[in-house]
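Since the structure comes first, as structure tokens, the remarks are kept for the end.
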Amino acid sequence: MRRSSRESWRSPLKFLPPVRWDQQEPTWRAARPAVIAAALKRASARPSGNWYVLAAGREVRPGRPLGRTVAGREVVAWRDASGRLLAGPGSCPHLGAPLCDSPVVGGRIVCHWHGLALGEEGFPGWSPFPAHDDGVLAWIRLDAAGGEEPLPAPALPPRPAAAVDAVTTAVGTCEPEDIVANRLDPWHGAWFHPYSFTRLTVLEEPSTAEEAPDGDAGHDHFLVDVAYRVGRRAAVPVRACFTAPGPRTVVMRITDGEGASSVVETHATPLGTDRHGRPRTAVIEAVLAASERPGFALAHRAAPLLRPLMRTAAARLWRDDMAYAERRWLLRSTGRFPG
């Protein structure tokens, strides 16, 4: 519903009576392991088309290649002369030089060991990967790693038309399912992140496999009322919907309240294993903030200043949530996970 002119200028802040952390309503009964497990299982079964988020699109800069490891594969991404995103194996097919350390000349990577120029036409022993830039995130398609029927482009959730976006990356010792499971547990928000959330209530939740053996696709979401803290007493109440459109993605959309239509996309990208054989996963989270307020046009002009603040807020949450995901993986890997 569109705001009236008077509502557009009204402050979104609400001053709420303080609630001591230990006096909140416990959520452990509502946070049923079977509900989270069923939602995770359905998400894991959805197709990804073998697409993986590589990085923020801004991280792949003209003239400078970006090297990453994704699903155990060394990859390199760069932009051609027109700015189009390209990607391929990160090791030179000649003698294995790291292409992420090589310059981009005329839209092609020129190996700094012996001068082999590589581009989208490929080379014997070296074939480029499909790549996609959605305007916020850079994606690559790894068919050998994904093992699914490939899709021509990643399936993107709806996004607000005019948004200020910021992308935050965190890496932890866990698997993508541990990241997704964290996001499919909204009940932990006000307990585990009291500095950011208060008055959190889960209004709707998906069914368990036993309650809806066919998946209950029309009701496969979490609907949450929550207030985002702005100081000790001030907060911004919103209603948000959480969905998992793919095996490595959870989307939070504000459906009512300040910033309605704003989206947080949480993508979990498997990297590979560390020297101890433990899995490493990158969380690449895109926040797309929107507002119907007249003054929001100024936010677009101030976006370069706002993005560091947005990334700092997201990074603080992910310091906690990564510990949550790492603990979940540790318990699962040692047969001690109770859920």
Side-chain angles (χ1 to χ4, degrees), residues 48 50-91 97-110 112 118-120 128-142 145 153-154 156-157 159 163-172 176 179 246 248-251 263-272 280-289 300 302-319 321-322:
S48 71
N50 303 325
W51 287 96
Y52 298 81
V53 174
L54 178 67
R58 292 183 186 86
E59 291 186 68
V60 189
R61 302 173 185 175
R64 297 176 59 182
L66 176 73
R68 291 282 163 86
T69 298
V70 177
R73 278 79 172 168
E74 186 181 7
V75 302
V76 65
W78 73 101
R79 296 193 182 276
D80 67 11
S82 67
R84 187 163 54 103
L85 181 70
L86 300 175
S91 182
L99 294 175
C100 63
D101 294 333
S102 298
V104 176
V105 180
R108 293 155 65 88
I109 287 188
V110 180
H112 63 297
L118 298 166
E120 62 179 323
F129 300 132
H132 180 82
D133 187 338
D134 66 23
V136 177
L137 299 169
W139 302 71
I140 58 169
R141 199 181 79 196
L142 300 176
L156 300 176
R159 291 172 170 173
V164 174
D165 64 271
V167 179
T168 304
T169 300
V171 176
I179 301 298
R248 294 179 293 275
T249 298
V250 176
V251 177
V263 167
V264 177
E265 297 178 10
T266 303
H267 301 275
T269 298
L271 303 180
R280 301 283 283 168
T281 296
V283 174
I284 304 173
E285 186 167 270
V287 177
L288 295 94
H300 283 276
L305 299 176
L306 292 175
R307 286 191 183 104
L309 300 176
M310 294 166 70
R311 287 195 294 264
T312 297
R316 184 181 185 186
L317 287 170
W318 269 110
R319 278 196 294 272
D321 277 338
M322 189 59 77

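Below, all heavy atoms of this structure are taken into account, side chains as well, without hydrogens, waters or symmetry copies.
- Taking each heavy atom of F129 and R141 in turn, the nearest pair found is CB-O, 3.8 Å.
- Once rounded to the nearest 0.5 Å, the distance linking CG of D133 with CZ of R84 reads 11.5 Å.
- Between M310 and V164 there is a side-chain heavy-atom pair separated by less than 4.5 Å.
- By the 4.0 Å N-to-carboxylate-O rule, R159 lies too far from D165 to be salt-bridged with it.
- Minimum heavy-atom separation, G57 to R79: O-NH2, 3.0 Å.
- Here CE of M322 is found 7.5 Å from OG1 of T281. Values are rounded to the nearest 0.5 Å.
- For the pair R108 and W78, the tightest heavy-atom approach, listed with the atom from each and the gap, is CA-NE1, 4.2 Å.
- Residue A97 comes nearest to H112 through the heavy atom pair CB-CE1, 4.5 Å, listed as atom of the first residue, atom of the second, then distance.
- Counting only heavy atoms from C-beta outward, the side chains of T269 and L54 never approach each other to under 4.5 Å.
- When all heavy atoms of P89 and L99 are compared, the closest pair comes out as O-CD1, 3.5 Å.
- The one candidate from I179, T266, V53, T169 that meets the side chain to side chain contact (heavy atoms under 4.5 Å, CB included) condition with E285 is T266.
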Handout entry: Audit row: Y52, L142, side-chain contact (heavy atoms from CB on, under 4.5 Å) steps and yes/no
Key = CA-CA 7 Å; Y52 298 81; L142 300 176; 4.0 Å; yes
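- Using a 4.5 Å cut-off on side-chain heavy atoms (C-beta onward), E265 and V136 make no contact.
- If you take OG1 on T312 and CG on L317, they are separated by 11.5 Å, rounding to the nearest 0.5 Å.
- Considering only heavy atoms from C-beta on, W139 comes within 4.5 Å of H267 through its side chain.
- When every heavy atom of I109 is checked against every heavy atom of S102, the shortest pair comes out as CG2-CB, 3.9 Å.
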